[in-house]
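To start, the structure itself, in structure tokens.
Every value quoted in this text rests on a predicted model; they were computed, and no experiment measured them. Ligands are counted one by one from 1 in listed order, and the atoms in each one are counted from 1 as well.
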Amino acid sequence: MGTISKNFDYREFEQSDTAKRLGIINVIGTSEIRDGIKALVLDVLQPLRDAWGEPLHVNSGYRCQKLNEAVGGVATSQHCKGEAADIACAEPAKLAQLAYDLGLPYDQMILYPTFVHFSHKLNGAQRKQILYNKTYGGEKVVD
Ligand SMILES: [Zn+2]
């Protein structure tokens, strides 16, 4: 599938421990999904990676329908469109704050205890929402 940017490639967006465990073939199936991932990386994740200065690990990127159901994702999940990635982080608030301060064009950032969900819409305006999962009890993003 190949390289997207300096630090990201398509393969890591298909990677899923759950898919592996359950024998689900999670592959990017359409050019629209591919375009969605590419835009998410070029507009949000790579600039964030550059400013962060350390590797960012994609916990969950693209999810086919079957995988999305297996992980209990909502039916409308942006992961299924290639428009979202969960980035592992020991300090979610720090990473989210950086994305906010940089003015990156995210659609939603959702903070979880061990990762941040970033989404970016391929078409239409980004909502620039910052949300906190109910399991998250850490620092909040300061505006
Ligand atoms: Zn997510």
Among the N, O or S atoms that H79 has, which is closest to the Zn ion (ligand 1)?
-> NE2
Do D107 and Q129 get their side chains close enough for a donor-acceptor pair, meaning under 3.5 Å?
-> no
May I ask you to decide if the ring planes of F13 and F8 are parallel, tilted or perpendicular, using 30° and 60° as cut-offs?
-> tilted
Would you verify whether the NZ or CZ of R34 falls within 45 degrees of the ring axis of Y10 while also being under 6.0 Å from that six-membered ring's centre?
-> yes
Is any side-chain N of the basic residue among E69 and K66 closer than 4.0 Å to the acidic one's carboxylate O?
-> no
Write the atom name of the N, O or S atom in D86 that is nearest the Zn ion (ligand 1).
-> OD1
The N/O/S atom of H117 lying closest to the Zn ion (ligand 1) is ND1
